[in-house]
Amino acid sequence: MNQQTAPEAPRLKGVPEAIDLVLFGALGDLSQHKLLPALYQLDREQLLDADTRLLGLARQALVLEGFRARVESVLRTHVKAEELDPATLQRFLGRLAYGRLDFTQLEGYTAVRDWRGRDAARPLVIYLAVGASLYGDICHHLQASNSVDDNSRVVVEKPIGHDLASSEAINDAIAAVFPESRIYRIDHYLGKETVQNLIALRFANPLFGTQWNQNHISHVEITVAEKVGIEGRWGYFDQAGQLRDMVQNHLLQLLCLTAMDPPSSLDADAIRDEKVKVLKALKPVTGEALGRDVVRGQYIAGFSDGKSVPGYLEEKGANTESHTETFVAMKTEVVNWRWAGVPFYLRTGKRMPEKLSQIVIHFRQQPHYIFDPDQRNLAANKLIIRLQPEEGIALQILTKDSGLDKGMRLRTGPLNLDFNDAFPKSRIPDAYERLLLEVMKGQQYLFVRRDEVAHAWRWCDQLITGWESRETPPQCYPAGSWGPVASIVMITQDRRSWYEDY
Ligand SMILES: NC(=O)C1=CN([C@@H]2O[C@H](COP(=O)(O)OP(=O)(O)OC[C@H]3O[C@@H](n4cnc5c(N)ncnc54)[C@H](OP(=O)(O)O)[C@@H]3O)[C@@H](O)[C@H]2O)C=CC1
Ligand SMILES: O=C1O[C@H](COP(=O)(O)O)[C@@H](O)[C@H](O)[C@H]1O
């Protein structure tokens, strides 16, 4: 009788096949705060194949037990106690290996091949949790040491470069080793649950699909406010500033998802083609518009949660001369048929009163008004898409005020969908959990394609060049405020205001 191989155990739906994951920069901030906790959560949710394993690489001399102890302590700090169960923890730690490596030196890269050993046929995911200046060297050395093959993917972090030219050079170096179909450029905002919900909201609901254009929408606001300062990252941040750190990637991605035309499918390239069209249609902000439509700010000492906090120039490692912006507000436009004449107001800053990311779609007033003229200025409909915290969607509508004495008085009120109330049992996963899972599955729709990065840089470069030629210092705002007064003046001049029902 022929010997038959035992049938494979059925794979749980959504669980990727076994993966070898190599984490460059395994002791760095991103790995410790985000990636390792996210991988642990995937393990807890039974979303890692039993044979998936991870090699952490860094330059510290650590034995395996030391690395595992470090990871355990990180998990104990960054994962909620009730989500840390001993069995998963042991299973997760058991997947880990560690190697000491100077990423700039070719010798030592054989560690990757040695670790993979005979299982080298399975997919390899290389995660570069290091500064972008190292991406080229690492990719080159991986290839030179025969550590990667046609089944290897690379994951890179933002920001890629500090302008179009430097980002192109880095992307060229990655492309010399990996084809675009195996490069996963992270913008972690794309992994946030509510950001993905924007796609569902827009393209699954005809109610919004038919209204999503300049005939019905008067303007759009995108706010990404952070309560934190620069958190000991002065060295990095001062070279970048809020435009490169947040606008070039996260805010422009949110703008793209809000403004893009419906993609023909959920395929990665169908979505990315539409996002690129938006980036190409973004109006450059130059000349007079730069002074009028853009506000740069830098925080000075103030208060956060009632405690006094230092200004940007007093942060650890600071240079007292720096003109780097920690806040940007601007008005721009997507110049196409769908959005002609609709301003997009963007605002992002560090040391704001609270952490808040939201997109507010302001609908136009009715063309003919029949109610009490005194109420003419009651706000029109607004759709508020709350990305974080308290993820949810609210539609502000006008209804009749109840009561016999009120006549046909109107009032505004929300139709609310709070994700935590509506779906109380489902934990909202961290963005990195979703992104790591998609990399393991080999799906690219939540990752940024090379031309998106290039167009986003091209648009930011003209702003940066304009700023540099004007040499205007950023305007001050106290930590714990919503930014420089000029950012309020900018929108007020258009007889509008930032949506403030926080
Ligand atoms: N931290 C965050 O929240 C975010 C980070 N990012 C991006 O993620 C990437 C990593 O950032 P982050 O974790 O903050 O950076 P860190 O500096 O904290 O981590 C980088 C790690 O790489 C190691 N490293 C650097 N050079 C070498 C080398 N030549 N050989 C071996 N190891 C080396 C560092 O080791 P050592 O400590 O010994 O210097 C460090 O542990 C960056 O591209 C960043 O822009 C993106 C979004 C958010
Ligand atoms: O990429 C970055 O994002 C964080 C903000 O991310 P969030 O998920 O907490 O909103 C920002 O603080 C950091 O400066 C930037 O590099």
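Counting starts at 1 for both ligands and their atoms, following the listed order. Just so it is clear, the model here is predicted, and its values are computed rather than measured.
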Report task. Go through the structure and list residues passing salt bridge (charged side-chain N to carboxylate O under 4.0 Å, His left out) with Arg272, not counting sequence neighbours. Result ->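 Per chain and number, Arg272 pairs via salt bridge (charged side-chain N to carboxylate O under 4.0 Å, His left out) with Asp269.
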Requested in this report: Quick one: list whatever passes salt bridge (charged side-chain N to carboxylate O under 4.0 Å, His left out) with Glu65, sequence neighbours left out.
Outcome: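 Glu65 satisfies salt bridge (charged side-chain N to carboxylate O under 4.0 Å, His left out) with Arg68 once adjacent residues are dropped.
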Regarding [X] and [Y], do their side chains bring together a donor and an acceptor under 3.5 Å, going by distance alone?
X: Asp238; Y: Thr324; value: yes
X: Tyr98; Y: Gln60; value: no
X: Glu452; Y: Gln253; value: yes
X: Asn249; Y: Tyr189; value: no
X: Tyr127; Y: Ser31; value: no
X: Gln388; Y: Ser357; value: yes
X: Ser152; Y: Asp149; value: yes

Just need the protein heavy atom nearest to [atom], so name the residue and atom and give the distance.
atom: atom 30 (N) of ligand 1; result: Phe103 N, 3.0 Å
atom: atom 47 (C) of ligand 1; result: Glu157 OE1, 3.9 Å
atom: atom 40 (C) of ligand 1; result: Gly28 CA, 4.0 Å
atom: atom 4 (C) of ligand 1; result: Leu30 CD1, 3.7 Å

N/O donor-acceptor pair under 3.5 Å between [X] side chain and [Y] backbone:
X: Arg351; Y: Gln298; answer: no
X: Gln32; Y: Asp29; answer: no
X: Arg113; Y: Ser145; answer: yes
X: Trp234; Y: Asn319; answer: no

Query raised in the report: Under a 4.0 Å heavy-atom limit, does Tyr127 contact ligand 1 with its side chain, its backbone, both, or neither?
Result: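 Under 4.0 Å from ligand 1, Tyr127 contributes no heavy atoms.
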Query raised in the report: With backbone taken as N, CA, C and O and side chain as the heavy atoms from C-beta onward, which portion of Leu101 lies under 4.0 Å from ligand 1: side chain, backbone, both, or neither?
Result: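 Just the backbone.
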Query - Proximity flag Pro159 to ligand 1, non-hydrogen atoms under 4.0 Å - result: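 Distance cut 4.0 Å: Pro159 passes for ligand 1.
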**Report entry** Contact bool for atom 15 (O) of ligand 1 (protein heavy atom, d < 4.0 Å)
**Finding:**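 For atom 15 (O) of ligand 1 the answer is no, since every protein heavy atom stays at 4.0 Å or beyond.
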Side-chain donor-acceptor pairs of residues 303-310 under 3.5 Å, sequence neighbours excluded:
from   : atom 1 : to     : atom 2 : distance (Å)
Asp305 : OD1    : Lys227 : NZ     : 3.0
Asp305 : OD2    : Lys227 : NZ     : 3.1

**Report entry** Option nearest atom 3 (O) of ligand 1 (shortest heavy-atom distance, choices Val156, Leu134, Asp29, Leu27)
**Finding:**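 Checking each option, the heavy atom nearest atom 3 (O) of ligand 1 is found in Asp29.
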Query raised in the report: Looking only at non-hydrogen atoms, which of Ile138, Val130, Asp137, Ile160 approaches atom 43 (O) of ligand 1 most closely?
Result: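 The option holding the nearest heavy atom is Val130.
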Atoms of ligand 1, numbered as shown, that sit under 4.0 Å from any heavy atom of [X]:
X: Asp102; answer: 28 (C), 29 (N), 30 (N)
X: Ala129; answer: 9 (C), 10 (C), 20 (C)
X: Lys158; answer: 6 (N), 7 (C), 43 (O), 44 (C), 45 (O), 46 (C)
X: Tyr135; answer: 43 (O)
X: Gly25; answer: 21 (C), 22 (O)

N/O to N/O below 3.5 Å, does that happen between [X] and ligand 1?
X: His188; answer: no
X: Tyr432; answer: no
X: Arg59; answer: yes
X: Ala58; answer: no

Pairwise, report which nitrogen or oxygen atoms of ligand 2 are under 3.5 angstrom from protein nitrogen or oxygen atoms, and how far apart they are.
from     : atom 1 : to     : atom 2 : distance (Å)
ligand 2 : 1 (O)  : Lys158 : NZ     : 2.7
ligand 2 : 1 (O)  : His250 : NE2    : 2.8
ligand 2 : 6 (O)  : His188 : NE2    : 3.1
ligand 2 : 8 (O)  : His188 : NE2    : 2.8
ligand 2 : 8 (O)  : Lys192 : NZ     : 2.7
ligand 2 : 9 (O)  : Lys355 : NZ     : 2.6
ligand 2 : 10 (O) : Tyr189 : OH     : 2.4
ligand 2 : 10 (O) : Lys355 : NZ     : 3.1
ligand 2 : 10 (O) : Gln388 : NE2    : 2.8
ligand 2 : 12 (O) : Glu226 : OE1    : 2.4
ligand 2 : 14 (O) : Arg233 : NH2    : 2.5
ligand 2 : 14 (O) : Asp245 : OD2    : 2.6
ligand 2 : 14 (O) : Lys350 : NZ     : 2.9
ligand 2 : 16 (O) : Lys158 : NZ     : 2.9
ligand 2 : 16 (O) : Arg233 : NH2    : 3.3
ligand 2 : 16 (O) : Asp245 : OD1    : 2.7
ligand 2 : 16 (O) : Asp245 : OD2    : 3.4

Query raised in the report: Roughly how far, to the nearest 0.5 Å, is CD of Gln41 from CG of Leu84?
Result: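 With rounding to 0.5 Å, CG (Leu84) is 8.0 Å from CD (Gln41).
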